[in-house]
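Report on one structure; see the data block that follows.
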Amino acid sequence: MRTEWVTTGSHGTVLPAGGSGQCRDGKGAGMKVLVAGGAMTPFNRRKDGSSWRDWCRDAFVGALADAALEKSSIDALVVASESDFFTLQVNPASMIADTLGLVGCRSCRVEGGGASGHLAVHVGMAMVLSGQSRRVAVVGFEAAATHLDGKTVGMLLSHSFDSWTDGFTGVSSTSIYALSAMAFMERTKATVNDLAAVAARNRQNARANPNAHLPLDIREADVAASPVVSSPYRRLDCSPLSDGAACIILSRPEDLPHTGRARVRISGTGAASDRARLGDRSDPGRFRAKETAAARALAAAEITAEAIGVAEVYDSYSGAQLQALEALGLTSDVVADERAGRFASCGELPVNLSGGLLGQGAPVGATGVAQVLATAQQLLGSFPGLNPQSGPKYGLADSHGGIATTCAVSVLEIQ
Amino acid sequence: MTQHRLTLDLCMPKGRLTPYFEALAQGKALAECCGSCDRVQFPPGGICGHCGAADLTWTALSGTAAVIHRTDTPDQAFALVRFEGAKNSAVVAVANPDVQSNRGRLVISSASAQGLTIELQGKGNEHV
């Protein structure tokens, strides 16, 4: 198959033109993939003695119940986790298949940094669309908060970029994101107050979410008063390291029991990658691969960004949420829209009603799965927290690994 | 709860980027020059960041760099810089974070032989 390449940007950033969004996801054939059900554990710093295997089982059992399915009906397992260093479990997919009683099923593991969970959803969807599997369980997990000390986790995550250059400078993820945010702020005139508003709002949104890691009653001033991690980012601008798991089950409508409940379809997916090193990008403040991934997902869903009524966006840092919203095409002026309250829970386009990574938390492999689950539940009005008031038809979930180096976007549609 | 300690003593060949890392260990900036479009890039990437060509040759740079953005942690500083002669930029550690300057020079990293580190310099240096 010939690979097409598209060139974006004045400096010729080259991005592959393929990706799951390019194939229209079976639109023409009338093929649909539904989120049959899903569940997640609380995202937090576990102190109850439970293990990551327990979390995966809890999420899986909850998802089966939500989907009204028996374990025996699952014929494939896709596992997402970022790092075996956190668990000392190489080949986690086979171990989780064993733990969940899915021996004999097709199983695999997907890894793409912070996008691992979301890419696993895309792989699960491809399995259903291809006819390889009828009901796929996608399980994401990470034990990032308690198995290792924070300094060691930070060192490991610093190798999420180019470990031969960036990683061995000793630079942290926060510092790389800070440098990117500074470029974004210089171009858009966003201020530290705009960043703090995102950090505070997502923590406020998380207060309604019983699974959230950081449900905090804070304001912008609290963010500004928190310790500097890497300027301009302060502690409250940063998402936490979390433990937890999430699971969704994907299937075609004809392979699911009739429950009388509405379900949500994944109507478009897109993925793309960018240069790994920030310095190799024509604009280090711009998430170009996310632009491409979003365009592909929207095209596959045959809608425009204006149709999106709710979004779960990858806010690993407060500024990253604004950078993501810009790249996703959900705003023509992200700073003006942020200041006008457009992304607030009662705004025109509520963003991160779950609390996002900043509030709900970020067990890396589980994050993208939970984002897709939250978006689906918000469209149904069943998210156990804040739900959109307008009853939107379409929602968008967005994740990335590295610094928007590996990007995954999905468009969801209520049926 | 069980405790485990894992110690890794990694030995990683750098393949065709070996000349770059050997120069870096001496505090020297060895860049790639594209045989197709003449673009110079530092740090090197194996393919041209502009045209995608793979016929690259090594070329020495002066090692001086201009700071584009700088971020400070409580005890360190890192910067996005552009080395003189290069078209791309690089994330570097700052060896002397107490100095405020928009110019620097590549130095041997004290933390690792592989990381890019600059020492800020030039007139107008101001101690914070």
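Within every chain, numbering begins at 1; the chains are lettered A, B, ... in the order of the sequence lines, protein sequences first and strands thereafter.
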Gap between atom OG of A/Ser282 and atom NZ of B/Lys87 - 0.5 Å precision: 14.0 Å

Contact summary for B/Leu8 and A/Phe85, nearest pair of heavy atoms: CD1-CE2, 3.4 Å

Residue pair B/Thr71 / A/Ser175, side-chain donor-acceptor N/O under 3.5 Å: no

Side chain, backbone, both or neither of A/Pro284 within contact of chain B (heavy atoms, under 4.5 Å): side chain

A/Val228 versus chain B, the contacting section by heavy-atom distance below 4.5 Å: both

Chain A contact via B/Ala86 - which portion, at a heavy-atom distance below 4.5 Å: neither

Interchain contact, A/Leu88 with chain B, by part (heavy-atom threshold 4.5 Å): side chain

Nearest heavy-atom neighbours spanning B/His69 and A/Leu179: O-CD2, 3.6 Å

Neighbour count >12 (heavy atoms, 6.0 Å) for atom CZ, A/Arg187: yes

Separation between CZ of A/Arg277 and CG of B/Leu80, rounded to the nearest 0.5 Å: 12.0 Å

For the student: nearest non-hydrogen atoms of A/Thr169 and B/Val91, plus distance: CG2-O, 3.9 Å

Atom CG of B/Asp9: over 12 foreign heavy atoms under 6.0 Å: no

Nearest atoms (heavy-atom pairs only) where B/Asn88 meets A/Gly279: CB-O, 3.5 Å

Heavy-atom proximity to chain A below 4.5 Å, by part of B/Leu6: side chain

Heavy-atom check, side chain of A/Phe168 versus side chain of B/Leu24, under 4.5 Å: no

Structural part of A/Tyr233 lying under 4.5 Å from a heavy atom of chain B: neither

Heavy-atom proximity to chain B below 4.5 Å, by part of A/Ala276: neither

Taking every non-hydrogen atom, the tightest pair across A/Ser231 and B/Arg70: OG-O, 4.4 Å

Residue pair B/Phe21 / A/Trp164: nearest heavy atoms and the distance that separates them: CE2-O, 3.5 Å

